[in-house]
Each structure stands twice: as C-alpha cells, then as structure tokens.
Amino acid sequence: MREAISAAAAAELIPDGSTLLIGGFMGVGSPLRMIDALIEAGRKDLTVVANDTAMPGRAIGKLVSVGAIRKAIVSHIGLNPETQAQMISGEMEVELVPQGTLVERIRAGGVGLGGVLTATGIGTPVEEGKQKVEVNGKSYLLELPIKGDFALLAANRADYVGNLEFSLTAHNFNPVMALAAETVIAEPTSIVPIGVIPPDAVKTPGVLIDHLIERAPV
Amino acid sequence: MREAISAAAAAELIPDGSTLLIGGFMGVGSPLRMIDALIEAGRKDLTVVANDTAMPGRAIGKLVSVGAIRKAIVSHIGLNPETQAQMISGEMEVELVPQGTLVERIRAGGVGLGGVLTATGIGTPVEEGKQKVEVNGKSYLLELPIKGDFALLAANRADYVGNLEFSLTAHNFNPVMALAAETVIAEPTSIVPIGVIPPDAVKTPGVLIDHLIERAPV
Amino acid sequence: MNPKERIARRVALEVQPGSLVNLGIGLPSMVANYLPEHVDVFFQAENGVIGLGARPPEGMEDPNLTDAGGGFVTAVPGAASIDSAMSFGIIRGGHLDMTVLGGLQVDQRGYLANWMVPGKMVPGMGGAMDLVAGAKRVVVAMVHTAKGTPKIVPECALPLTAERRVSLIVTEMAVIEPTEKGLVLREVASDSSVDDVLAATSAELIVDEPPAEMTLA
Amino acid sequence: MNPKERIARRVALEVQPGSLVNLGIGLPSMVANYLPEHVDVFFQAENGVIGLGARPPEGMEDPNLTDAGGGFVTAVPGAASIDSAMSFGIIRGGHLDMTVLGGLQVDQRGYLANWMVPGKMVPGMGGAMDLVAGAKRVVVAMVHTAKGTPKIVPECALPLTAERRVSLIVTEMAVIEPTEKGLVLREVASDSSVDDVLAATSAELIVDEPPAEMTLA
C-alpha cells in the first residue's frame with residue numbers, strides 16, 4: 001500500500017546533479033507532470049538517461065530548454081535542435097547510444113548483469129574505447145550497465161500497491177527503467193483499488209515502485 | 001493468420017536428435033499434448049532445455065521415463081529420481097545451470113546477445129571451464145547463449161495470428177523461449193479470433209510463433 | 001511520378017507476404033502505401049507496436065499510439081504492444097524479416113552510412129545500428145545522388161551504421177544488389193540507361209548480364 | 001514445539017514490514033505461518049508470482065498457480081504474474097529484500113552450501129545460487145546438526161552455493177551472525193547454554209557479549 005504524493009513533493013526528493021532514467025519516446029509515455037515539477041523546482045546539473053530528448057517545449061525537451069541537463073545519454077536527438085546546439089556549444093555533454101544497446105544496458109543494470117555483449121556498433125564510432133570480447137569466434141562489444149539514482153516513469157494505470165499497466169506505444173523504456181534505479185517514481189494517469197488490475201495484466205510489479213504520483217487533475 | 005495443426009502433426013516436424021526448448025516449471029505451463037505426441041511418435045536422442053524434468057509420469061518427466069532424452073540442460077532434477085538414475089548410469093547427460101543463468105542464456109540466444117555476464121556461480125562448481133570477464137574490478141562468468149531447433153510452449157489463449165497470453169505461474173520460461181528457437185510451436189488451451197486479445201494483453205507477439213496446436217479436446 | 005514515390009513503389013515489391021517489416025521514418029515509411037490491401041504483413045515500429053496501421057481519422061488520434069517519428073498511427077487487428085526490450089530483442093535477435101532505411105552513403109562492400117555527418121548533422125543513430133546489425137534483410141531506399149554527388153561510393157567517408165553488407169539498394173534510377181563480388185546492377189529505370197547509372201555512381205558496378213527494366217508496384 | 005517450528009518462528013521476526021521475501025521449499029516455507037495476519041509483506045515464488053498466498057480451499061486449486069515446489073497456492077490481492085526473466089531479474093538485480101533458505105553447511109566465512117552432496121544427492125541448484133548471490137539479505141534456516149554432526153563448520157566440504165557471506169543463521173539452538181570478523185553468537189535458545197551451542201558447532205564462534213535469549217514470533 002503506497003501513499004500518493006504530488007509531483008512537487010517528488011521533485012523535492014531529487015537533488016541537483018542526480019542521474020535520472022526518464023521513460024518515453026519522443027515524449028510519448030514520459031512523466032510530464034514530474035518533468036514540469038523538476039523545472040518548477042529549478043533542478044539542474046542533471047544526467048538524463050532516456051531514449052531521446054523529444055522536441056523543444058515537449059517532455060524532456062523542456063528540461064533541455066531551461067538548461068537543466070548537464071549530460072544526456074540517449075539514442076536520438078534529431079528532433080531537438082536545442083539539444084544539438086547545446087552539445088555543439090559544450091553546455092551539454094551528449095553520449096549517443098544505439099537504442100537497442102541503451103535498453104539492454106539499462107536492463108543489465110536493473111537485473112544485475114555485468115554488461116551486455118552486442119554486435120551492434122562494431123565497425124562504427126560506437127566501438128571506440130570499448131572492450132571487445134570474443135565468443136565462439138565472433139567479436140562483441142562489451143557495453144556497461146546503466147543505473148540511475150531515480151527512475152521517473154509514466155504509466156497508464158497503477159493500483160494501490162503500485163502495480164503498473166502501460167498503453168500501446170507508451171510502454172517503451174518504462175518497464176525496463178523500473179528495475180534500474182535506487183528510487184523509482186511512477187506517474188500514472190489513474191490509480192485504481194487493489195484487485196482492479198489482475199495479476200496477468202501487471203507489466204511492472206508494485207514491489208519495484210517506491211513512490212506513486214497522485215492522479216492527473218481532472 | 002495461422003492454421004492450427006494437431007500435436008501429432010507437430011511431432012512429425014521434429015526429427016530425432018533435435019534440441020528442444022520446453023516451457024514449464026515442475027510441469028506447470030508445459031505443452032502436455034505435444035510431449036505426449038513426441039512419445040507416441042517414438043522420438044529419441046533429444047536435447048531438452050527446460051527449467052526441470054518435472055516428476056516421473058508428468059510433463060517432461062514422461063520423456064525421461066521412455067528414455068527419449070540424451071541430454072538435459074536444466075536447473076533442477078530433485079523431484080525426478082529417474083533423471084538422477086539415468087544421469088548416474090550415464091544414459092542421460094545432465095548439465096545443471098542456475099535458474100536465473102538458464103533464463104538469461106536462453107534470452108541471450110533469443111535477442112542476439114553474445115553471452116551473459118553474471119556473478120551467479122562464481123566460487124562454485126558452475127564456474128569450471130568458463131571464461132571470466134572483469135568489469136569495473138568485479139569478476140563475472142561469461143555464460144553462453146542457448147538456442148533451440150524447436151521451442152515447445154504452453155499458453156493460456158492464442159488468437160488467430162498467434163498472439164499469446166499466459167496465466168499466473170504458467171508463464172515461467174515460455175515467453176523467453178518464444179524468442180530462442182528456429183521453429184516455435186505453441187500449444188494454447190484455447191484459440192480466439194483476432195481482436196479478442198487486446199494489444200496490451202499480448203505477452204508473446206504472434207510474429208514469433210510458427211505453428212499453433214489446435215485447442216485442447218473439449 | 002516523383003523519385004521518392006518511384007523508390008517506394010519498387011521497394012514495396014520486396015515485401016514478402018507473412019513477413020514482419022520495419023520501415024524507417026521519411027521515404028521508407030511511404031512503402032506501406034503501395035502494398036496490396038489485404039497482404040498478410042505486420043509492420044513493426046521500434047517504439048513499441050507490432051501491427052502498425054495507417055494514420056488515424058481526424059479527432060481519433062491516441063496520444064499513446066505513435067510511430068518512431070512521433071506521428072499518430074493506428075494499430076491493425078491482431079496488433080501487439082511491446083516494450084523497448086522486446087522491440088529490440090525482436091530486431092537484434094534476427095526475428096525481423098526486413099527493414100527499409102534511408103541512406104547517406106553505401107559503399108562497394110555494401111556498407112551503409114546513414115546516421116551522421118560529422119560537424120554538420122548529428123541526430124544520433126536511434127535504432128538504425130540495431131536494425132542494420134539485426135534484421136534478416138536490409139533494404140536501403142534513397143535517391144541516387146545528393147545534388148549531383150554520387151551516394152554510392154567506393155568507400156563510405158561518413159561513419160558507418162554497421163559493418164554488415166546490406167541486402168539491396170533501391171534508387172529512382174536503379175536496383176543494386178551488394179554481393180560478395182561487389183555491387184551488381186540488377187535493374188535500371190525505364191527513363192535511365194546503364195551509362196546514366198554508371199555516371200551517377202562513383203563505386204564500381206558489376207554489369208554481367210543486361211539489367212532488367214525496373215518494375216513498380 | 002519441534003525444532004523446525006521454533007526455527008520458523010524465530011525467522012519470522014526477521015521479516016520486515018513492506019518487504020519482498022522469497023521462502024525456500026520445506027522448512028523456510030513454514031515462516032509464512034508465523035507472521036502477523038495483516039503484515040504488509042509480499043512473498044515471491046521464483047516460478048512466477050509476487051504475492052504468493054496460502055494453500056487454496058479444497059476443490060479450488062488452479063493448476064496454473066503453484067509454488068516453486070509444485071504445490072498449489074493462492075495469490076493475494078495485488079499479486080502480479082511474472083515470467084522467469086522478470087522473476088530472476090528481481091532476484092539478481094537486488095530487488096529482493098530477503099530470502100530464507102535451508103542449508104547443508106555454513107562455514108566460518110559465512111558461505112553456504114545447500115545444493116548437492118557429491119555422489120549422493122544432486123538435485124540441482126534451481127534458483128538457490130541466484131538467490132544467495134542476489135538477495136539483499138540471506139537467512140539460512142536449518143537444524144543445528146545433522147544426526148549429531150555439526151553443520152556450522154570451519155570450511156564447507158560441500159560445493160558452495162555462492163561466494164557470498166550470508167546475513168544470518170537461525171537454528172533451533174542459536175542465532176548466529178556471520179560478520180567480517182567471523183561468526184558471532186547473537187542468541188541462544190532458552191533450553192540450551194552457550195556451551196551446548198559451542199559443542200554442537202565445529203566452526204569457531206565469537207562470544208564477545210553474553211548472547212540474548214532467543215525470542216520467537
């Protein structure tokens with residue numbers, strides 16, 4: 001049984017300089033109220049791990065616009081010219097990671113693996129500085145696990161114990177990120193009593209969630 | 001859109017000597033009709049990858065009893081004295097793998113990773129003969145991917161395109177094995193029209209399934 | 001017919017019934033428009049749906065159902081929602097039958113560069129490196145030259161997307177198949193000649209047999 | 001009270017409200033019987049349920065809802081079904097607060113052996129190696145001696161389950177905490193003396209302060 005807290009109260013838990021895993025894909029399935037609360041609270045020097053930085057004025061793009069991000073570990077910044085500008089000016093460090101490698105690195109952090117052995121990135125700039133491991137005569141990059149101080153997730157429904165459901169393409173990185181942070185905060189669209197979400201419909205077990213954000217204003 | 005085939009027709013597809021990934025945990029969530037069909041067809045020299053060999057007379061235990069298994073790659077044989085007897089007599093080779101390592105090895109095979117780096121097994125007989133990889137000063141075993149010629153899955157419901165749902169503790173190894181074999185055969189309890197299983201309820205996408213076994217006799 | 005439509009129509013012929021296909025953003029996404037209506041194909045979008053459908057009717061968009069470019073889409077009956085781990089598990093595990101991607105350069109070895117122009121454009125690789133490394137077939141759909149400069153070159157000057165020979169290159173002028181021996185010219189468009197194609201290509205093309213005329217869906 | 005019930009009752013005191021706990025088969029599974037009725041604890045069974053409940057009423061068993069030993073169980077309200085990848089992701093990723101396991105031997109270093117007796121009994125490690133390597137707390141629940149032979153030994157003769165110091169050993173005679181300095185005797189049962197415990201233990205025990213009397217739930 002969880003208590004629901006406000007997005008503002010959640011932002012209070014998150015110090016400047018934190019590493020945040022933030023769910024979402026071009027803003028779809030991103031915790032929009034928590035992002036707004038972080039901006040409201042003036043958080044800065046954040047390291048953000050996410051699929052992308054969305055677009056200016058949308059989701060993670062808002063954090064970019066206010067200069068809250070010191071480092072972004074993402075697969076794509078093509079739709080956010082502000083990210084590209086801050087990267088070129090040196091205001092923001094950007095580590096570009098192939099999308100499949102990014103999700104596996106976060107998963108490895110979440111499930112306690114020592115790393116990921118992948119063929120993705122071999123023969124490209126992605127392999128620079130990385131250890132290679134030979135398995136059965138084939139070469140793989142050793143990609144390191146990623147963990148966050150906080151995971152900020154968006155979900156469709158939560159129940160009172162924190163079990164989560166996601167909708168269509170709003171799943172994306174959210175279920176994997178739920179495993180990979182010290183403190184996991186979920187922002188559901190609605191919160192339903194225990195038993196409303198049947199066991200087989202649960203995508204992320206509530207035991208992984210530390211805090212629930214109160215439901216969206218009606 | 002798939003055609004449903006009989007368990008006997010599925011057994012015809014599977015030659016002697018095949019490597020089979022078989023879902024189930026102590027027989028729960030195992031493809032019972034397909035196992036019976038394999039025995040009926042007299043299949044032998046099988047390599048079976050599964051969590052366990054169940055109990056004599058039940059699920060994979062039936063394959064043990066008829067001597068159809070040449071090699072078992074499993075985490076537990078404690079409830080099947082026949083497996084232990086065949087292992088000691090040398091009739092069956094048994095590779096014991098920690099359960100979490102087993103599921104990750106199958107997943108690695110299914111999602112195209114070069115291996116699994118895990119702390120499980122370090123300092124135990126499991127580490128014998130295995131490469132160790134150092135990551136950030138910590139030592140991990142390199143465990144190799146597993147793939148099968150066939151995956152034999154049990155599911156709760158399937159729809160006409162092969163999308164699968166599983167029930168409670170009958171999920172176990174089935175969803176991961178769906179990714180890791182050349183040919184994937186699913187044995188659902190019932191088969192429903194397209195659209196009956198909504199997208200968010202699908203645990204295994206139908207595109208991974210090659211054959212559906214016709215529903216259980218009423 | 002503009003060059004992009006022609007390319008999309010030719011690529012559409014590569015789509016096999018019963019297959020799982022990923023279409024990149026932009027030109028590649030146009031391929032879906034030229035398939036037979038009831039063809040048994042599932043489209044995957046790497047952001048998390050198998051069974052991607054057309055644009056939704058006005059006013060019926062769902063903010064939780066978009067393609068990898070963030071545009072609203074629909075889901076076909078029999079669709080499945082998947083998270084990013086499953087999405088890339090399918091891509092990297094060899095379960096995707098075909099991906100269609102745009103290209104900046106393709107070289108003699110059949111290697112593709114399509115994700116950055118150093119110092120100019122660094123959008124990030126997104127899922128492209130995984131798609132090229134993992135899909136069973138990789139089809140590059142691109143215009144033949146960039147403002148007159150050949151894009152099919154002896155060796156990519158731009159950073160590679162993967163060290164993997166792509167399966168087919170389709171342009172508005174030609175269909176070219178990278179093989180172990182090199183780039184084989186398979187088809188030439190009706191309004192081009194073999195010499196036109198050779199002139200617009202800086203890589204060496206193998207023309208063993210007279211190429212066929214390019215057909216379109 | 002028989003020794004096993006006493007052990008289970010003592011271990012029950014280790015279960016923290018709000019925690020996620022895995023109980024091994026046999027003796028460890030008895031721990032659930034001695035918790036306060038409405039304590040906010042979720043039990044995980046490694047075969048795939050978070051929120052394992054008691055045995056089902058006669059005639060209401062579901063063949064798809066069992067514990068890791070294959071016995072019928074129920075699910076509590078708020079339970080979640082998980083597959084083996086998620087189950088062991090939770091165990092190995094450090095998300096499991098506590099596991100209670102049986103033991104064949106525990107040694108001076110706090111290392112546990114509990115999965116095989118070479119040449120005699122090779123049931124396989126099942127999930128035990130993952131549980132010991134991954135859980136935040138590992139509590140070993142076992143009788144103090146095997147037919148008079150000490151099970152708490154200077155160095156395990158049996159193959160280890162993991163190279164990890166367990167958190168606590170609970171027997172019918174004593175509660176012992178493995179620490180960096182060695183095995184510290186924390187509690188002694190009311191019907192045993194410190195000398196009894198020392199006599200039944202072949203490993204060295206540290207008895208710095210007089211141990212407390214063992215309390216039971």
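Order of the sequence lines fixes the chain letters, A, B, ..., with proteins taken first and strands second; residue numbering starts at 1 for each chain.
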Tell me, with the steps shown, if A/V126 and C/M125 meet side chain to side chain contact (heavy atoms under 4.5 Å, CB included).
CA-CA 10 Å; A/V126 167; C/M125 65 294 283; 3.7 Å; yes
Nearest-0.5 Å distance, CG of residue C/L65 to OG1 of residue A/T169:
5.0 Å
What's the shortest heavy-atom distance between [X] and [Y], and which atoms?
{"X": "A/T124", "Y": "C/T161", "value": "CG2-O, 3.5 Å"}
{"X": "C/P123", "Y": "A/Q84", "value": "CA-NE2, 4.3 Å"}
{"X": "A/A170", "Y": "C/N64", "value": "CB-OD1, 3.5 Å"}

Heavy-atom pairs under 4.5 Å with chain C are the metric here; pick the option from [options] that has the most.
{"options": "A/G100, A/G29, A/G123, A/P81", "answer": "A/G100"}
{"options": "A/K203, A/R107, A/H171, A/H76", "answer": "A/H76"}
{"options": "A/V74, A/T118, A/N174", "answer": "A/T118"}

Identify which part of [X] has an atom lying under 4.5 Å from any heavy atom of chain C, answering side chain, backbone, both or neither.
{"X": "A/V94", "result": "neither"}
{"X": "A/I122", "result": "both"}
{"X": "A/T101", "result": "both"}
{"X": "A/F25", "result": "side chain"}

Residue pair A/Q99, C/E46: steps toward the side chain to side chain contact (heavy atoms under 4.5 Å, CB included) verdict:
CA-CA 9 Å; A/Q99 204 167 121; C/E46 61 264 39; 3.8 Å; yes
Under the criterion side chain to side chain contact (heavy atoms under 4.5 Å, CB included), I'd like the reasoning laid out for C/N47 against A/V28: C-alpha separation, chi angles, the key distance, then a yes or no.
CA-CA 9 Å; C/N47 59 322; A/V28 175; over 6 Å; no
Quick one: which residues of residues 67-98 of chain C reach chain A at under 4.5 angstrom, heavy atoms only?
C/A68, C/G69, C/G70, C/S81, C/I82, C/D83, C/S84, C/A85, C/F88, C/R92
Heavy-atom pairs under 4.5 Å with chain A: which of C/A133, C/P63, C/G124, C/G126 has the most?
C/G126
Could you check which of C/V132, C/T66, C/D62 has the highest count of heavy-atom pairs closer than 4.5 Å to chain A?
C/T66
Inspect the surroundings of CE in C/M1 and state if more than 12 heavy atoms from other residues, nucleotides or ligands are less than 6.0 Å away.
yes
Report, as yes or no, whether the 6.0 Å neighbourhood of atom NZ on A/K130 holds more than 12 heavy atoms from other residues, nucleotides or ligands.
yes
If the condition is side-chain hydrogen bond (donor to acceptor under 3.5 Å, both in side chains), which residues does A/S89 pass it with, not counting sequence neighbours?
A/E91
With side chain to side chain contact (heavy atoms under 4.5 Å, CB included) as the criterion, how do C/V122 and A/M87 come out once you've worked through the C-alpha distance, each side chain's angles and the decisive distance to 0.1 Å?
CA-CA 10 Å; C/V122 191; A/M87 178 177 71; 4.0 Å; yes
Report yes if some heavy atom in the side chain of C/W115 is under 4.5 Å from a heavy atom in the side chain of A/P98; otherwise report no.
no
